[in-house]
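Structure first, commentary second.
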Amino acid sequence: MSNKTAIAIVGASGRMGQMLIKAVLDNDNATLAGVTERAGHDWIGQDLGQCMGGAPIGVIVSDDPLEVFAKSQAIIDFTAPAATIAHAELAAQARAVHVIGTTGFAPDDLKKLSAAARHAPIIRAGNMSLGVNLLTKLTQKVAQALDADFDIEIVESHHKHKVDAPSGTALMLGEAAAAGRGVTLDDVSDRGRDGITGERKRGDIGFHAIRGGDVVGEHDVIFAADGERIVLRHLATDRNIFARGAVKAALWGQDKGPGEYDMMDVLGL
Ligand SMILES: NC(=O)c1ccc[n+]([C@@H]2O[C@H](COP(=O)([O-])OP(=O)(O)OC[C@H]3O[C@@H](n4cnc5c(N)ncnc54)[C@H](O)[C@@H]3O)[C@@H](O)[C@H]2O)c1
Ligand SMILES: O=C(O)C1=N[C@H](C(=O)O)CCC1
């Protein structure tokens with residue numbers, strides 16, 4: 001039996017799905033167990049290699065996650081919240097590691113993920129890149145070192161197809177800034193100001209989302225005081241940074257018990 005980890009990719013035709021497939025095929029410690037797309041998608045029943053514009057590779061795109069998960073040790077999921085919730089239940093039944101990159105979950109969705117994580121490991125992060133996870137740590141440290149004379153604003157830019165705002169990364173950074181300050185993000189979050197908003201409230205953390213063109217992902221955490229400003233910035237120029245992180249997480253999760261983990265755990269940060 002091969003000692004490579006069998007990984008399934010759901011949402012195969014997506015911007016991230018295609019990156020993830022290449023990252024698994026390029027990894028010496030992983031093998032592609034199968035791929036899925038949503039029912040009715042025109043890739044269903046076709047050879048994956050041909051769908052991606054190359055030669056056949058003998059992997060047929062499925063719309064049956066149950067059948068694919070049964071032969072997988074890990075599932076990598078960058079799809080949409082409703083799909084990911086359904087996948088979490090099936091991954092838990094299959095006792096497979098579920099790596100979740102999907103963003104835009106509602107609080108009730110997160111409760112369902114926590115329930116699934118009682119049966120198998122879930123590794124979830126709004127951003128799987130090493131750079132952003134380091135930036136998150138730095139954000140917490142800087143917020144801890146400064147008082148609320150420094151106003152915190154988080155500005156993110158993404159491509160025009162992105163459907164959720166603020167980005168998962170912006171929320172990670174906001175949570176880190178709030179933790180550094182010793183407050184709860186929900187109590188201080190101020191999203192997308194418009195109209196006569198009144199003066200900025202001391203201690204608030206502001207969020208702003210720019211959408212346009214093909215921007216892969218850019219995040220600034222601004223600490224603005226009277227007379228000086230600190231800006232922590234991450235610029236993503238290639239989605240491969242997210243895909244590589246997700247495959248690393250799938251391999252890392254193999255000897256872990258049920259529970260909820262994130263990329264900080266994977267990277268040891
Ligand atoms: N955490 C990270 O590092 C990171 C990085 C990039 C993107 N993302 C997130 O990943 C998600 C996907 O982003 P994208 O740009 O690839 O989007 P996309 O729209 O290009 O791809 C999503 C794919 O999922 C498929 N899908 C939807 N429902 C499905 C189902 N039930 N079964 C199988 N496939 C299904 C869609 O058909 C589509 O092909 C978003 O939530 C995005 O914010 C996270
Ligand atoms: O392209 C996207 O969508 C991205 N989503 C994640 C987020 O919401 O932060 C990570 C960056 C790219």
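Whatever order the structure lists ligands and atoms in, that order sets their numbers, starting from 1.
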Given side-chain hydrogen bond (donor to acceptor under 3.5 Å, both in side chains), test E67 with S62 step by step and report yes or no.
-> CA-CA 9 Å; E67 171 253 325; S62 171; 3.1 Å; yes
Protein heavy atom at shortest distance from atom 21 (O) of ligand 1 | G14 CA, 3.3 Å
Which of these, F78, W43, F105, has its nearest heavy atom closest to atom 4 (C) of ligand 1?
-> F78
Which ligand 1 atoms does K162 reach within 4.0 Å, using its non-hydrogen atoms?
-> 43 (O)
The answer for which part of A125 has a heavy atom under 4.0 Å from ligand 1 is backbone
Considering all heavy atoms, the nearest G34-V59 contact | CA-CG1, 4.4 Å
Does a side-chain N-to-carboxylate-O contact under 4.0 Å join R202 and D204?
-> no
Check if G104 has a non-hydrogen atom at a distance under 4.0 Å from any atom of ligand 1.
-> no
Near S13 (heavy-atom distance under 4.0 Å), the atoms of ligand 1 are 39 (O)
Is it true that a side-chain atom of D109 and a backbone atom of A106 form a donor plus acceptor pair closer than 3.5 Å?
-> yes
Backbone or side chain, does any N or O of F242 fall under 3.5 Å from an N or O of ligand 1?
-> no
Which heavy atom of G174 sits nearest a heavy atom of I205, and at what distance?
-> O-CD1, 4.0 Å
Would you indicate which of G17, S129, A83 comes nearest to atom 30 (C) of ligand 1 when only heavy atoms are counted?
-> A83
Set of side chain to side chain donor-acceptor pair (under 3.5 Å) partners for S167, sequence neighbours left out = H219
For G101, counting its heavy atoms only, list the atoms of ligand 1 lying under 4.0 Å from any of them.
-> 1 (N), 2 (C), 4 (C), 8 (N), 9 (C), 10 (O), 44 (C)
Does the side-chain hydrogen bond (donor to acceptor under 3.5 Å, both in side chains) test come out yes or no for H208 and E153, once each step is laid out?
-> CA-CA 8 Å; H208 312 276; E153 296 280 307; 2.4 Å; yes
Do K248's NZ or CZ and the ring of W252 fall within the cation-pi criteria of under 6.0 Å and 45°?
-> no
Among H41, E37, R38, whose heavy atom sits nearest atom 38 (C) of ligand 1?
-> E37
For M16, the ligand 1 atoms whose distance to one of its heavy atoms is below 4.0 Å = 6 (C), 7 (C), 16 (O)
So which protein heavy atom does atom 15 (O) of ligand 1 come closest to, and at what separation?
-> R15 NE, 2.9 Å
Between R193 and T197, which heavy-atom pair has the shortest distance, and what is it?
-> CB-CG2, 3.8 Å
With atoms numbered from 1 as shown, which atoms in ligand 1 lie under 4.0 angstrom from a non-hydrogen atom of T102?
-> 41 (O)
Give the residue, atom name and distance (to 0.1 Å) of the protein heavy atom nearest atom 3 (O) of ligand 1.
-> M128 N, 2.9 Å
Looking only at non-hydrogen atoms, which of V216, T103, V99, T79 approaches atom 11 (C) of ligand 1 most closely?
-> T79
Please set out all donor-acceptor pairs under 3.5 angstrom arising from side-chain atoms of residues 258-266, sequence neighbours excluded.
from	atom 1	to	atom 2	distance (Å)
E260	OE1	S114	OG	3.4
E260	OE2	S114	OG	3.0
Y261	OH	G257	O	2.9
D262	OD1	M264	N	3.0
D262	OD1	D265	N	3.1
D265	OD2	D262	N	2.8

Which pair of heavy atoms, one from A177 and one from I152, lies closest together, and at what distance?
-> CB-CD1, 4.0 Å
Look at the side-chain heavy atoms of Ile, Leu, Val, Met, Phe, Trp and Tyr, link any pair under 4.5 Å apart, and say whether L251 and M128 land in one connected group.
-> yes
With a 4.0 angstrom cut-off on heavy atoms, strictly below it, pick out the residues next to ligand 2 and order them by chain and number.
-> T103, G126, N127, H158, H159, K162, S167, G168, T169, V216, F242
H87 neighbourhood, listing ligand 1 atoms whose heavy-atom distance to it stays under 4.0 Å = 32 (N)
Do D151 and R200 meet the salt-bridge criterion of a basic N to acidic O distance under 4.0 Å?
-> yes
Return a table of donor-acceptor pairs under 3.5 angstrom between the side chains of residues 129-144 and protein atoms on other chains or two or more places apart.
from	atom 1	to	atom 2	distance (Å)
S129	OG	N127	OD1	3.0
S129	OG	V132	N	3.1
N133	ND2	N127	O	3.0
N133	ND2	S129	O	2.7
T136	OG1	V132	O	2.7
T139	OG1	L135	O	2.8

Proximal atoms of ligand 1 relative to T36 (non-hydrogen, under 4.0 Å) = 33 (C)
